[in-house]
Every structure is written in structure tokens, then in C-alpha cells.
Amino acid sequence: MPTVFEWEKPLVELEEKINELRNFIFEQGIDFKDELNDLERKADKLRKEIYERLTPWQRVRMARHPDRPTTLDYIKLVFDDFFELHGDRRFGDDHAIVGGIAVLDGEPVTVIGPQKGRDTKENITRNFGLPHPEGYRKALRLMQQAERFHRPIITLIDVVGAYPGIEAEQRGQGLVIAECIEQMSFLKVPIVCIITGEGGSGGALAIGVGDRILMMEHAWYSVISPEMCATILWKDANRASEAAELLKLTSTDLLKFGIIDDVITEPLGGAHRDHEGTGRQLKAFLRRHLSEIKRIPPDELVKHRLERFRKIGEYQAKKLNEMQVDM
Amino acid sequence: MPTVFEWEKPLVELEEKINELRNFIFEQGIDFKDELNDLERKADKLRKEIYERLTPWQRVRMARHPDRPTTLDYIKLVFDDFFELHGDRRFGDDHAIVGGIAVLDGEPVTVIGPQKGRDTKENITRNFGLPHPEGYRKALRLMQQAERFHRPIITLIDVVGAYPGIEAEQRGQGLVIAECIEQMSFLKVPIVCIITGEGGSGGALAIGVGDRILMMEHAWYSVISPEMCATILWKDANRASEAAELLKLTSTDLLKFGIIDDVITEPLGGAHRDHEGTGRQLKAFLRRHLSEIKRIPPDELVKHRLERFRKIGEYQAKKLNEMQVDM
Amino acid sequence: MLHVFRNKPKYATVRPEKANQDGVENGGSAGKGNDPQWTRCDNCSSLIYNKELHKNNYVCHHCGFYFRMSAVQRLQQLADENTFQPFEPLVSCNPLDFPGYPAKITQCQNATQLDDAILIGEAKIEGYGCVLGIIDFGFIGGSMGSVVGEQITRGFEYGIAKQLPVVIVSGGGGGARMQEGIFSLMQMAKTAQAVGRFKKAGLFYLSVLTHPTMGGIYASFASLGDIILAEPKALIGFAGPRIVAETTRQKLPPDFQTAEYALKHGMIDGIVIRSEMKATISKLLSYHL
Amino acid sequence: MLHVFRNKPKYATVRPEKANQDGVENGGSAGKGNDPQWTRCDNCSSLIYNKELHKNNYVCHHCGFYFRMSAVQRLQQLADENTFQPFEPLVSCNPLDFPGYPAKITQCQNATQLDDAILIGEAKIEGYGCVLGIIDFGFIGGSMGSVVGEQITRGFEYGIAKQLPVVIVSGGGGGARMQEGIFSLMQMAKTAQAVGRFKKAGLFYLSVLTHPTMGGIYASFASLGDIILAEPKALIGFAGPRIVAETTRQKLPPDFQTAEYALKHGMIDGIVIRSEMKATISKLLSYHL
Ligand SMILES: [Zn+2]
Ligand SMILES: [Zn+2]
């Protein structure tokens, strides 16, 4: 049974009706083309209305739809070839992050991203897409390898956060995130980061420092998940939908803030309703942005990347009359 | 009870006799100065004879004398100050390798070395001076840190080998040794390696790639321990003494081979009989060699270091008449 | 490029004396009969005369308990007298229009006499010049919003410009400042990059972790020190212990995420008791002239 | 600097056909009635026709057992026909005057038709040019003495000079060659440095680990590949399993030091079955043109 969100229900029902009618017409051999077209136009309008009115919380739930393409899905949809590489060369191979060399338009690129499972078994293998430090160390190793061979780096981000586990803490979850952020900032190759689903806090940022940061229409990216925010504010995770409003975590908000560079529009109804179409869309955006930054010399690239993050922050100088406190 | 080797016994007995006599004379107030001097001269001669005639196996045993100075002893004896630094920033802090910043003649240097324990309890903490991968990763981290701050690196090597344990293998013992060797080779700071006791195989080489490689007189350095060699050759570890002969592992041999640059003479009877004297000696040699290489520009230093190892190897081109085999 | 103020202001926004006289803010409560001169130790319940507590670096001399120090108290402990020159003061905006945030800021400003959760400037420590930054837990849990991120970044840039080492004393409970959302997250990137640029300039960064250093502060500049020291028993980690316990449904080890645990697992260089912190910092500065 | 021969000799020191006709050297024994045309699988005892075995990349088609391949057999499997140009042949000396070593060398030379434990030269793999080096376990356990160390080093230097990638197929049981003592140990440094120089030149090094890759070979060039692949079940590690068992007095995990174990613990990039090895190598070479 595919998951159907409550706001999708009228749409899904209408679509079913249209399909039934189409089958009926086809069987009967009646010419109802115009009427069918009218109906479909109505469905389109409904779709648009529904998806334009989505609340932030609904978009968070879209980003978590179980049928939404995962990182490996996108890799298959977008690239011509993929050779997965494993291990951090220190401790383990984290299945919650995949990475390797892929081919885009005949050119090798390094692709990295957290990987969620689709069923329980796979979710256990993938630790529900929650990476351990060795996953981030693998990512870093592959990014440094990419730099050695002048390969562009593409990160596909879909992660609620770094795994909050005992062993993960033991092996330096915080430290490795900091290391990833620092190292990634200075890599002399073009980096495109795409938040495809969830962009949860430091666990997302650890592989999210790039020259272009794109976001799927219904992805979210925030310093904290709505649930955790609600827990802190009201000690009630069920008020996540209110928290989602406060956090300004949608692609629309983040584009306005200048945090991301572009929003990758999803097929009406969301990525989960059309993998192929979503893949084509992502590929088109990726191609365009990558081709732009590939023209920039490596030193310039790093300089711009640093400037980009350097200027983020909302503060103001204190007015002098407030400063009349003697030390 | 201090350990007394069988070959030391005549000497120790003579020394005791002389001491008794000296005490007797002192108590009685008799003037036996000349006779005493004669006796001491004899003892000196005996000492010299004994220690010049030591077999390789006896020197291996000297290197393992429980009272021989350990790395931390040498640090205390040679340097003015020492601030120990901990951890590999990835997994753990290996107590079998110590490292930190020390001061030599007013200048900070980075000092690193495996650390043996003196009693059972300390030996358990120190894992008998047998490092795990995290120990080598700590060493590498501190060496890279030293490079960042243009600090010379001094490694004090006394290790039978890297620990052959399940977890050590799991965490990449072989890989980390290779990484240490590779990385150390290209560090743009002066490196002095001193084999102070045992220099066992890859576990020693991992911190043994330097611009000057010095060796204490009674240290040994080899690709394999005499015991293991005897086990392989004759399936009998008790024939280690014969294997020690074959392996050419003494400072005398290695100086002849050009593998090491200098032999640090030990006080007669070995380092364990006079820590202070040994420390002074080591400091003098270290100072001299360090001051020489500190004058060399960093790039030259690395170039020479690479050339030094590049040319090691005994082989010959095959004569053409041996090559008349068609493919 | 540098945004540090060029004309040093005659005024600073800290009042060490006042903060001191106000007594101890954390880990202690007002003494018998609410006498503000005395503080009761939360650990052993002993009553301690405030001046005594101050002299003893805010460590209970009955049980060794470490009281939380305000940034100003820490500054007094570490910096040589009259050497601290604060950076241009910055104050927070409310980029998400987060309800209640401006009021919270004002309240914390009044309580701590700070502009935000950081006190930062140039200072001397036993004669060694450095940039000294101190996070104040009393200001929204010592969390990093735009102001903390900007000031930390300016700290490293100032260090590069003046060829000075940087010492940051961290102690931010939640790490990120939720109320600034994505802007807070981005400060992790900004500060980590500032550390990276600083390191490439060949300068020395000493990170000192105090109770508690967690989340986005630990996962950015705080864990990137050339050398990392910690106070005994300081909580150090990424995810909060409660979240870890809830997620894993496992019993946490008794020393979980303490400084001792971090040392054992190779994450920090050493644990330094409070009374020796100044001497240790100055020694490490002397190694990196 | 480069010691590689300038005038390519008309002669090589390998006889693939001969080695092939001699049958399978390891993991199998002569078949029924000692018929040299047949080999018995050491794992499942099936009798396999040699030509069949050769066609099947020396994998038993009854049980999937991987027979050990000689360097020549491996060369035939991986290199495009008639593309291999061997380096100048080198032979061992006896720097320690180790008793019995020269005789052992001669014996191994006769048995393997190799000069030492390595076959190395320029080759093409599905059209992609590279330096291809293959360790032969049959030559004193595939151990690294001065000749192997020198040839590996020349391989990377040749790669730098000709801007070619390097592929090394390792399989050295003991790693170091005891009989050359300290000279053998120093080859670890020499080869690791060669890899370092090669990497700094921006070139691609692919390390392929076959059963067994241990000791000094694993702890130097073999574990420094940009990408590391392994054959299924290959033994990979530093200390031998017997030594680990004796030292720790613990029961070893059933998959201890296998390729699968190395993959699980993050030490290698992937496991590739023998029949796909050539295609995989050529694909990776195509990514690094
Ligand atoms: Zn108390
Ligand atoms: Zn079989």
C-alpha cells in the first residue's frame, strides 16, 4: 500500500475516477475526449492548488514520504554509471552513507549521500539513514580523493541528523562533523550540494558545504527538526507542525534568505509520484549549475565558497549610547 | 632485585669486592689508594672486555633490560619540559605510545615514542609497549601538528612490534603503519629518529623515517625479532641467539650497512647501569645531529630523506645471457 | 575584509566587578537567610563565602565541585589585569521573526551584562598576547547565533591580521541557537572555515572546553583546536545525553560524554584542573611564539 | 633518477605458456593417476581439466574455490595480449650472507621462471595503458626483498615519467623477506615513499589484494592505493593469524582477516570476483584518464 497523505486524498480520488472513466470509455469505444480533457485540466488545477498551499509541516512530511527517491535511486536516475567505494580506512564501512565514482555526461564525478532504507530490513542495514562518524570519514576520504583527481563532487543530502548513539559519540560524532565542514570548505574542486529530502542540522551540513547549494522543492533544511524544536519549546513533539512554521525550513524560505541558490521543482504531487521526472529535473539543474562552476579556477572557487558562508549572519553593531558602561 | 645478566656477574662481583674493600679501608683509615686504583683499573679492563665481546643476542637482551631507560625516562633526562598530548581524535588514546611537546635548549620540539611499563600494572596500562592503530594515528597527528608549527620531530623508538591483536588488525594495523611511513617521509621539518632499545619491524619503522637515524649502542633493529626468525627457520624460539647472529641487527652492523647514521655509545655496562650518563650522551648526539639538519631548507630536507631510502637495497641487473628465454 | 573595529572604543560592555559582586550564577544558590555574600554548594551543601569562592576559582574547597563561571569571571581568571580589549560589540537580530526571541535577548543581556553569549577581544595571558574568546552559558545556554558566529570568526580574522594565537573557552549547552534557525546552523560553517583559514596562516588555536560543550559549538570551532583541553567532568559531545538515551534505549555509561570519557576515546589532549588552567594556557602559548 | 632500462630487451624472463602447461601450482594437486592434464580441487576434490580451469580464471566451477594464480597466469588474465613490456630484470644479492638464501633463490627461479617474486612492466588493460606489477606467491611466499622493493619503486617512477596509472596485484604471505633482514624492512619505506611521490604527481594507483596479502607488503605499498580492491576470501592483514591467536589467546573470529572482514571494517573499497576483475580494473582506469 503506497502512503497517501490526507491532503493528497481528494486528488488521488479524482485521479482514480478519471482512470476508471478512461477505462470505461476505452472499453465502450465512446468518444469522450473533450470531457476527459476537461476533467484532467480540473485535476491539474486541483493538484496545483493543493501543492501551492502546502504548509511547512506538510512539506516536511513530503520530504519523508517512504516512496520518495533515495540517494541510490537518484544515482541510478541521474548518472550513467556508478562504482561504489567503501570504508573510512580506519574503523568501518557505514552503510548509512554511500559514495563512489559516477559518470555524468561522460565525465567522472564523485557522488556522496546518506542512504535511507525502504523496508525494515534495509532500514536496519542503513541505520535509518543516520550516519556514524565512520560514514562521515568515508565521505571525507572520497571527497579528498575527488580533489586529487580534479573530479567535481556532488552530495545528495537526505538525513534527519547524525546518529545520536553511544558509540557514535564515543568515536567523535561532533568532531568529525567539524572536520568535514572545515575540510570540505577548502577542496579545490567544484562542489554541488543538493538537499533532496531532509536536511537535518550538523549531520546535513557536514556534507553540505559547496559552491552551489540546491534544494528540491519539498525538501527541508534546518538547524533542528520540527519535532525536537517543539519538544524544546512546548515539551510536546506533537506540536511539530507549529514548530515547522517557526523554523522557516522550506526551500521557499531558504531561497529568500540566500542560503540556497536554486529550488529544483518537483513534479506536481512531489518526487515520490514520478521518480523518472524528478530525476530528469534534478539532472537538468545539476548540469546547469555544475557547468557554471566548472569554469571557475580552483582558487577562485574556494575563495567564493568561503565568502559565501563568511557573510551569512544577521546581527547589528551596538549603538554607542548603549555602550556607556565602564569596565 | 635488579636483573643481572650472566655475563655481568664477574663484573658485578668484582665491583662488590672493590666496594667492600673501600669501605673497610675507610673505616680503618688505612692508605691503600694505589691498590684501589689498580683494582679499579682492572675492573675497567674487565668491563671493556666483557662489553666489547657481547654477542648479538646478548645485545638484544641488553636492549630489553628491565632497568633500561624508557621513553618517558629519556624525555625526563634530555628535555627541559614536556607537555604530553593525547588521543588520535578518532578512536582512542593509546598509552603504548606517548607524545607531546618538549623543550630542548629553549626550543619546542615534538617528541614521540612507544612506552614500556616497568611493573606489571604499568605494563598492562602500556600494553607492554605494543601500540594499537590509534597509537600510530596519535603519533601521525602530532607529527603533522609539529610540521604546522615548524617544530623538529624526535622519535624515541623502543618497540618489539605493533600489537598483533584482533582489534588492532580490525582497525587497520597494517594500513596505519603504511600511512605513517608515507606521511612521515614528506614532513617538512627536521626529524631525528633514535632507536633506544628495540626496533622491531614495521612497528618501529612506522615512526622511524627521519633525516638522521641514530641508534643506542646496545639497541637492535630488524625486520623480525630473533625469536620469530628462529621459529620460522627451525621451529624453535629457543634458538633465538643463533637467529640474532644471522639477522645482523646490532648498531655495529647497521652502521656498516649505512642504514643508521650514528651509534650513541652507552656507559660501560649499558644504559641501565647509568641513566644520567646515558641521558647526557643521548642529548649530546641529538643536539649535534639536530643542529646540522636544522640548517637544511625544508624542501631539501625532504628531498634528501627520500633519496636516503630510495637507494637502500642490494640487487643486481640480470646478465643478458641469463635472459635468453623467449616469451 | 576584516570587520574588526579600527577605533577602539573607550567603553566596554562588561562589568567584571559588578558581575562578581552579584555572586555566583550557576551551581550554587544564595546562602542562609538569603545572604548574598554566601553561596551554598549544590553538590555538598556547604556554605561558602563568595570572596573565598572567587579566590578559589569557583571550586568548592569542601568537595571540589566546579561552579559554572560566567564569561566575565573566566576572563578575570585567565587574562592579565587590564589587558583585555573587547571587540566591537554586536547584538542579535531576529531573522526568522521567532516569537519571544527579542525579549529573551534583552532578558539575558540584563542578567549577564553581555551583548550576547560571547566575550571576545585581545588579551594577554601571563604576558603572552592572544585573542581570547569566552562563551557564557548564562546567555541562552551559551548557544551560537549570528553574533557568536560572527565574533568567533572575527576573532580568527583578527588573529590572522595581528599574527596572534587564539584561545577560545567554550561552554555552550545546546550548541546552536534554535531561534535563529538556518542562520545559526550556518555559523558552524562560518566558524569552522575561520579556523581553517587561521590554521593555514600557520597560527596556533587552543580550544578549552568547559561544562557543557555540546551540539553545534562542539561540532564546529570547539573541536578544531590544534590542542584541545578540557576542565574535569565537563560534558563534551554532539547529541545530548537524553536524546542518546531515548534513541538507543540503552543505559548510558556512567562517565558518558565527560571530559574523562573524551580523553579516553582520544578526542581531547588533556584535562586541566581550573587552578592550573592559566599556567597551562600560557605554557602552550609559549611553545607557539 | 629513473633506473628503468632505456633499450627494451628483446627477451623477457617469463614463459607464460610453459608456466601454464606446468599446471596449477597452488590450491590443487595432480589428478588421478598423476595425469598432469588434470587438477584436483583441494576444497571439493573434484577433478578439473587444466584447460577448463585456465578458461575459468582458476576458479573451481564445482565449488567456487579460488586456486592461487602465478604471476604469469594473472598477467595473462589481466593484460591485453602481447602488450606486456617487462622492466629490466633484477636479481637478488645476499646482503646478510644469510645461509641457504642464494640456493633458495635459484630454486624459486627454476620453479617459477621468474627472477624474483614480482613480474612488472608496462601493459594495456582493455586498451588502457598502465604499469602492471604482480607479486608471485610461489617465490619465497611472495615476500619483499630488495628486488621486489626496487621493482615496485621503479614501477611508480616509470608511472610518473610516462604519466601512467599503476596497478599492483599483491599476494605476499609473509610480507618481508627475512633473509634480507633490515634491507627488506627498508623496502617498506622505499615503496611507500614511491607511492607518495606518485600520488603527489596526481596519478592513479589501484591496489588489488589477493590471497594472502600480509605483513610488510600490506603495511606498505599494498594498503596505500587510491582505490583498494580484493578477491573474495583473500587473507589481508598485518600480523599472521597464528601469531595473533598465540599473543591474545583468544579465539579468532571465523572471518578474521578475510577480504570480507576488511571490507566490513572499512579497509578496502570493494571485493571483486575474479571473472570481473579485468573489467573492473579497466573501468576504474577509464575514470582516471
Ligand atoms: Zn561542595
Ligand atoms: Zn572445488
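Letters A, B, ... mirror the listed sequences (proteins, then strands); counts begin at 1. Since we're looking at a predicted model, the values are computed, not measured.
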For residues 230-249 of chain B against chain D, heavy atoms under 4.5 Å, the residues are B:I232, B:L233, B:L246, B:L247, B:K248
Q. Taking the inter-plane angle between the rings of D:Y158 and D:F87 on a 0 to 90° scale, is it parallel (under 30°), tilted (30 to 60°) or perpendicular (over 60°)?
A. tilted
Would you call the rings of D:Y205 and D:F156 parallel, tilted or perpendicular, taking 30° and 60° as the class edges? perpendicular
- Task: Determine yes or no for a side-chain-to-main-chain donor-acceptor pair under 3.5 angstrom, with B:D94 supplying the side chain and B:H132 the backbone.
- Result: yes
Whatever's closer than 4.5 Å to a heavy atom in chain B on D:Q257 counts as side chain
Backbone N or O of B:I312 within a donor-acceptor pair of the D:Q187 side chain at under 3.5 Å?
yes
Whatever's closer than 4.5 Å to a heavy atom in chain B on D:K264 counts as neither
Is there a side-chain contact (heavy atoms from CB on, under 4.5 Å) between D:D116 and D:R177? Walk through the geometry before answering. CA-CA 11 Å; D:D116 207 293; D:R177 188 168 294 174; 2.8 Å; yes
Whatever's closer than 4.5 Å to a heavy atom in chain D on B:E179 counts as both
Highest number of heavy-atom pairs under 4.5 Å with chain B among D:T247, D:L185, D:L224 belongs to D:L185
Given D:N94, D:V147, D:T248, D:I182, the one with more heavy-atom pairs under 4.5 angstrom with chain B than any other is D:I182
Closest non-hydrogen atoms of B:G117 and B:N123, given as atom of the first, atom of the second and distance, are N-OD1, 3.1 Å
Examine distances only and state if a side-chain atom of D:E157 and a backbone atom of D:A194 form a donor-acceptor pair shorter than 3.5 Å. no
Notebook entry, point to check: When you look at B:D88 and B:R171, which way does the salt bridge (charged side-chain N to carboxylate O under 4.0 Å, His left out) test go after all the steps?
Noted result: CA-CA 13 Å; B:D88 68 344; B:R171 295 198 290 272; over 6 Å; no
Filtered by a 4.5 Å non-hydrogen cutoff, the part of residues 218-227 of chain B contacting chain D is B:Y221, B:S222, B:V223, B:I224
**Request:** State whether the side chain of D:S207 and the backbone N or O of D:G225 hold a donor-acceptor pair below 3.5 Å, judged by distance alone.
**Result:** no
- Answer yes or no: is there a donor N or O on one side and an acceptor on the other, between the side chain of B:D211 and the main chain of B:R305, under 3.5 Å? no
Applying a strict 4.5 Å limit to non-hydrogen atoms, the region of D:L252 in contact with chain B is both
| Residues B:D253, B:T250; criterion side-chain hydrogen bond (donor to acceptor under 3.5 Å, both in side chains); working and verdict | CA-CA 5 Å; B:D253 293 316; B:T250 68; 2.9 Å; yes
(Q) Donor-acceptor pair, distance only, cut-off 3.5 Å: does the side chain of B:E169 make one with the backbone of D:A239? (A) yes
| task | Could you walk me through whether D:Y101 and D:I140 pass side-chain contact (heavy atoms from CB on, under 4.5 Å), step by step? | result | CA-CA 10 Å; D:Y101 184 46; D:I140 317 188; 3.9 Å; yes
Exercise. Step by step, work out the side-chain contact (heavy atoms from CB on, under 4.5 Å) result for B:M62 and B:E217.
Key: CA-CA 10 Å; B:M62 293 279 282; B:E217 189 180 353; over 6 Å; no
Could you tell me whether the side chain of D:Q151 reaches within less than 4.5 Å of the side chain of D:R154, counting heavy atoms only?
yes
Passes salt bridge (charged side-chain N to carboxylate O under 4.0 Å, His left out), D:R242 versus D:E246? Steps please. CA-CA 6 Å; D:R242 215 181 317 160; D:E246 277 168 21; 5.5 Å; no
- Item | Residues, nucleotides or ligands: over 12 heavy atoms within 6.0 Å of D:K104 NZ | no
Residues 213-221 of chain D vs chain B, non-hydrogen distance cutoff under 4.5 Å, contacting residues -> D:Y218, D:A219, D:S220
* Given side-chain hydrogen bond (donor to acceptor under 3.5 Å, both in side chains), test B:Q173 with B:Y136 step by step and report yes or no. => CA-CA 9 Å; B:Q173 192 71 286; B:Y136 290 111; 5.6 Å; no
* Asked: Between B:K116 (side chain) and B:D158 (backbone), is there a donor-acceptor pair under 3.5 Å?
  -> no
Checked D:A189, D:A222, D:A176, D:P241 vs chain B; the most non-hydrogen pairs under 4.5 Å come from D:A189
Check whether any side-chain N or O of B:R126 sits under 3.5 Å from a backbone N or O of B:I97 as a donor-acceptor pair, and report yes or no. no
By residue number, those in residues 184-205 of chain B with heavy atoms under 4.5 Å from heavy atoms of chain D are B:S185, B:F186, B:S201, B:G202, B:L205
